[in-house]
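Structure, as structure tokens:
These values consider heavy atoms only, across backbone and side chains, with no hydrogens, waters or symmetry-generated copies.
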Amino acid sequence: MKTELIPSYLWRLIRLTIAFMAFGLANTMMINAAIGSSSWVALNQGLALHLPLTVGQANTAVGLVIIAIDFLMREPIGIGTFMNAVLIGQFNDMWTAMGIFPTPDTYIMRLVLLLASLFLSAGASVLYMGAAMGCGPRDTLMVMINKKIEKLTMGQVIIIVSVIVLAVSWLLGAPVGLGTVICFTLQGTVTDIVQKALHFKPTKVKHENMLDTLRNLRK
């Protein structure tokens, strides 16, 4: 094993952990804004209403199921992919238990809290993707669907999947409202703004899958 790889991988794992702490906080802020959540967060909330799970545990369960689907479809999975599935939900529950950013009294402040959650999530995604240790389970799923249905663009795949997930969330009784519309329409724009401000281009990142990491550590 090349000893110089050890501090590199340790830093990347720390970077991932910080990113997932931020993701968990962003989810908590979005939920506590209480004006409607994004499709995937709403799904976690909906599942938590019907299963003996917290919202964070539901997030983990959904992530692991999606990883299983990605694996069966032979999509590349990295250490970061597993950490994404497990840690975001755990941090979500941790921030919730700590009472971070309780629901504001005024609607305007709820909107501010929701928008802040979108910017924090976008920043966390830059930190996460920059570690280059595997795409998120949901992103990998989108890529897989895009490969299977080549007539659709990636943007169309994201919209279709988001609508389906949101419909299921609504049927489960998850809160859907103005915040959901804001997330649906502004999330992509906010992500672009943050990535441009941080001079980050996700297309330049080459993610390592699990086999790549093991090979590197064995050299």
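The aromatic rings of His207 and Tyr128 are tilted relative to each other, their planes meeting at an angle between 30° and 60°.
Between the side chain of Thr103 and the backbone N or O of Ala33, no donor-acceptor pair lies under 3.5 Å. Side-chain atoms of Ser121 do not come within 3.5 Å of backbone N or O of Ser117 as any donor-acceptor pair. Using modelled atom types, one side-chain atom of Asn146 and one backbone atom of Leu152 make a donor-acceptor pair closer than 3.5 Å. Between the side chain of Thr28 and the backbone N or O of Gly24 there is at least one donor-acceptor pair closer than 3.5 Å. Looking only at distances, a side-chain donor or acceptor of Trp95 sits under 3.5 Å from a matching main-chain atom of Met21.
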List the steps, then state whether side chain to side chain contact (heavy atoms under 4.5 Å, CB included) holds for Leu53 with Thr60. CA-CA 10 Å; Leu53 299 172; Thr60 298; over 6 Å; no

Show the numbers, then the answer: is there a side chain to side chain contact (heavy atoms under 4.5 Å, CB included) between Val205 and Phe200? CA-CA 9 Å; Val205 179; Phe200 179 78; 3.7 Å; yes

Assess the residue pair Leu166 and Ser162 against the criterion (side chain to side chain contact (heavy atoms under 4.5 Å, CB included)); give the C-alpha distance rounded to whole Å, side-chain angles, the decisive distance to 0.1 Å, and a yes or no. CA-CA 6 Å; Leu166 187 58; Ser162 295; over 6 Å; no

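Here the straight-line distance linking atom CZ of Phe119 with atom CD of Gln187 works out to 11.5 Å at 0.5 Å rounding. In this structure, CG on Leu16 lies 10.0 Å from CH2 on Trp11, to the nearest 0.5 angstrom. Distance check, rounded to the nearest 0.5 Å: CD1 of Ile160 to OG1 of Thr153 gives 8.0 Å. From Met109, atom CE reaches atom CZ of Phe101 across 10.0 Å, with rounding to the nearest 0.5 Å. Between Asn44 atom CG and Ile31 atom CD1 the span is 7.0 Å, to the nearest 0.5 Å. One distance of note links CG of Asn84 with CD1 of Ile67; it measures 7.5 Å at 0.5 Å rounding.
Side chains of Thr140 and Glu75: a donor-acceptor N/O pair is absent below 3.5 angstrom, by distance only. For the residue pair Ser37 / Gln45, a side-chain donor-acceptor distance below 3.5 Å is found, with atom types taken as modelled. There is a side-chain donor-acceptor pair under 3.5 Å between Asp93 and Thr54.
When all heavy atoms are compared, the tightest approach of Leu113 to Pro104 is CD2-CD, 3.9 Å. For the residue pair Leu118 and Cys183, the shortest heavy atom distance occurs at CD2-SG, 4.0 Å.
Residues Trp40 and Val62 are in side-chain contact: their nearest non-hydrogen atoms beyond the backbone lie under 4.5 Å apart. In this structure, the side chains of Tyr9 and Thr213 come closer than 4.5 Å at one or more pairs of heavy atoms.
Each of Leu198, Ile18, Thr17 was scored for a side chain to side chain contact (heavy atoms under 4.5 Å, CB included) with Leu127, with one residue passing: Ile18.
In this structure, Glu208 pairs ionically with Arg12, as a charged nitrogen and a carboxylate oxygen lie closer than 4.0 Å.
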